[in-house]
There are 2 protein chains.
Amino acid sequence: MVTIREVAEAAGVSQATAARALNGYGSVSARALERVTESAARLGYKTNMIAQALRLGQTRAIGFVPGDIENPFFAKIARHLGDTLEASGYTLLLSSSDERPDRERKVVETLRQHMVSGFVVAPTAQDDAPHLAQLVEDGVPLVLIDRRVEGLRADSVTVNNEGAGFQAVLHLIEHGHRDIAILVDDLQIASSAERFAGYQKALDAHGIRLEPTYIGVGGASREGAYEAAHRVLTLGHRPTALFATDNFMTEGALRALRDLGLRMPADVSIVGFDDFDLTTFVDPAVTVVAQPIAELGQEAGRLILRRLEGAEDEPHNVNLLAELIIRGSVEAPPASDAA
Amino acid sequence: MVTIREVAEAAGVSQATAARALNGYGSVSARALERVTESAARLGYKTNMIAQALRLGQTRAIGFVPGDIENPFFAKIARHLGDTLEASGYTLLLSSSDERPDRERKVVETLRQHMVSGFVVAPTAQDDAPHLAQLVEDGVPLVLIDRRVEGLRADSVTVNNEGAGFQAVLHLIEHGHRDIAILVDDLQIASSAERFAGYQKALDAHGIRLEPTYIGVGGASREGAYEAAHRVLTLGHRPTALFATDNFMTEGALRALRDLGLRMPADVSIVGFDDFDLTTFVDPAVTVVAQPIAELGQEAGRLILRRLEGAEDEPHNVNLLAELIIRGSVEAPPASDAA
DNA sequence: CTCTTCAATGATATCGTTATCAATCACAAG
DNA sequence: CTTGTGATTGATAACGATATCATTGAAGAG
């Protein structure tokens, strides 16, 4: 790797002038500027980011800590976040928390040791995030994505989960459903809890009692989602409709339905979450709450860039709207079960 | 961030002894060792990786450049590669090439500027990779994954693509098919070219002439895959079987089939690639060539760790076997078309 | 008691970059 | 001819960690 010292030597100037020429500060004669830029180009000089980082106290890199990189939701966010940051000369460093609080803490620590300039994190827990609180205290730019942490004064980009959940369940109720089950991930995860709250609210608004056995909780895996769906669908008093609150849950529901020989929507109506492949592949296509995933990533990028440029104002909370896309997976409940 | 200087001060020793105590070299008195470790723990000292990297000439980080992070194939590799490296104290830095040679070059350059200790790359092009050749020349550990580059003396982990393609097409031929179309990604990508070669070989071995219109080439996107599949399936002389050579192609084929109202396997038999969600979701499930994805990632991790530990021997080429998983998407061609 | 030996330690150079300070030079004003 | 001004430049000090070299002191050998 060629250093600035070698460039200076080749140009016949001191490294100080070479630095001035390359970085455009101080004053440099036209002649020196030309010779330095020429030498730099010829030798293929690339500034050593590590040395620069040590000197400047920060890298031009942002740490991104998604819940699970194998989840297409986060993969897509990574893509758009990365594109946005790259346009401003920042690099994205990605390391997944695998939805485990201890891993999240460790990953954040490692990234801090690498002196990243800021963080975009999908927090694993709704509360109790001392490592994130520490970031805020130390003035390190932090943007929470998809989920928030109670009491943490940081920027965030989320979708209107409660409203989306409410709207989804309302849609089912309007089609005459009253026995509506819900499939959720761990309620410790803020977004899950909010979607659940929307479900509860919609039931309440129509005087429907919440049936505890209708709550299917699956871990952050495809298998857990399937099992939860399977359990709910084999209940003695089977629900006539299902609200799946994320893409894994939606897939699990569709699989369970198929394996149990239940027809959608004839036997069970479904509203899913996230507009991913499978939902448009099955017949009929699944009515889903679609999150503006690309915007989530881009907005997070914009927020962190603002902070990196020195913005010191109050935390911004960008709340994006999820949209109900009506397709063919919801109709009136089978006559025998109708209220 | 607390520095080693502060730890030394707190322990009442010079930073030299503090460094010795913390890193375990030179000789340190029991007393000094105890006081330093105590101070470090109390102050929460974490070594600054950036400073360490500058001094040591390398970070304990590995750059991973997948073709496309939104492709589940690479996401899964990232997961397993990351796990393997992490176990040895390395961090994974991920930046996607989006299957674009120019981007690949840029990404590799950026990662080099960040002084990563090694690279794992899924090369976009089979030849003409000067930036990768440069790595090899500079002695930077490099492992090619999924694909190889002609004439590049670097470690690699691949699957037996040609054999897998051969086996897949043979399976179709054995069921009586002779009009077999293939869906491939850009033939510039080594793995695609090899799978195509396997297809060719199997046809040759049974004296079947290769029909040029039966070759559907789609870009590295879901849309391109769908279009290629659609084109092939609407041909005047429609093929009775389809070999889809990656997961996007397989999905495209299934979608096109569905949209065209064709039944699988009654109208068209299919052998897909990669054992992902959709293939087991449809009815019947799709017969696929399943790649050992987890092993690909782990093996790449092992290879790069060997180099980081100083191995200087000849390049290792690990070739893993893909396995044909027979399910329900292949049967004899419809009678009217049989030879 | 003197000389050697070695453990223990502090001072210091280095990695490559940035940015400040001090020095030099030309040129114009007096 | 002297002095001042400002542009241009080189020398140099950081950033934090590591590793070498030189120094100290104590213990053991003669």
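The sequence lines fix the lettering, A, B, ..., with proteins before strands; numbering per chain opens at 1.
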NZ on Lys106(B) to CD on Glu86(A), rounded to 0.5 Å: 4.0 Å
Take atom CD of Glu9(B) as the centre, draw a 6.0 Å sphere, and report whether it contains more than 12 heavy atoms from other residues, nucleotides or ligands. no
Separation of Tyr25(B) atom OH from dA7(C) atom P, in whole Å? 17 Å
Checking all strands, does Ile50(B) fall into the base, sugar-phosphate, or nothing category for heavy-atom contacts under 4.0 angstrom? nothing
For residues Glu104(B) and His131(B), is any side-chain donor paired with an opposing acceptor at under 3.5 Å? yes
Nearest-nucleotide wise, let me know which of Leu56(B) and Ala18(B) is further upstream toward the 5' end of DNA chain C. Ala18(B)
Check this for me: Arg5(A), atom CZ, are more than 12 non-hydrogen atoms of other residues, nucleotides or ligands nearer than 6.0 Å? no
Can you give me the first and the last nucleotide of DNA chain D (5' to 3') that has an atom within less than 4.0 angstrom of a non-hydrogen atom in chain B? dG16(D) to dT20(D)
If you count the non-hydrogen atoms of other residues, nucleotides and ligands that lie under 6.0 Å from CD in Gln188(A), is the total more than 12? yes
To the closest 0.5 Å, what do you measure between CG (Leu92(B)) and CZ (Arg79(B))? 12.0 Å
Spatial distance of atom CG (Asp155(A)) from atom CG (Leu303(A)) [nearest 0.5 Å]: 5.0 Å
Would you say the side-chain atoms of Asp68(A) and Ser96(A) include a donor-acceptor pair closer than 3.5 Å? no
Distance check: side-chain N/O of Ser14(B) vs OP1/OP2 of dG10(C), anything under 4.0 Å? yes
Look for any protein N or O under 3.5 Å of an N or O in nucleotides 21-25 of chain C and output each such pair with its distance, or none.
none

Check Leu142(A) against Ile304(A) and note the closest heavy-atom contact, atom names and distance. N-CD1, 4.2 Å
Using heavy atoms to find the nearest nucleotide of DNA chain C for Arg55(B) and Ser27(B) separately, return the residue whose nucleotide is more 5′. Ser27(B)
Side-chain contact, heavy-atom cut-off 4.5 Å: Ile293(A) with Ile77(A)? yes
Return the value, rounded to whole Å, for the distance between atom CE of Met115(B) and atom C1' of dT17(C). 12 Å
Does a side-chain heavy-atom distance below 4.5 Å link Tyr45(B) with Leu22(B)? yes
Can you list, by residue number, the residues of residues 29-49 of chain A that have a non-hydrogen atom closer than 4.0 angstrom to DNA chain D? Ser29(A), Ala32(A)
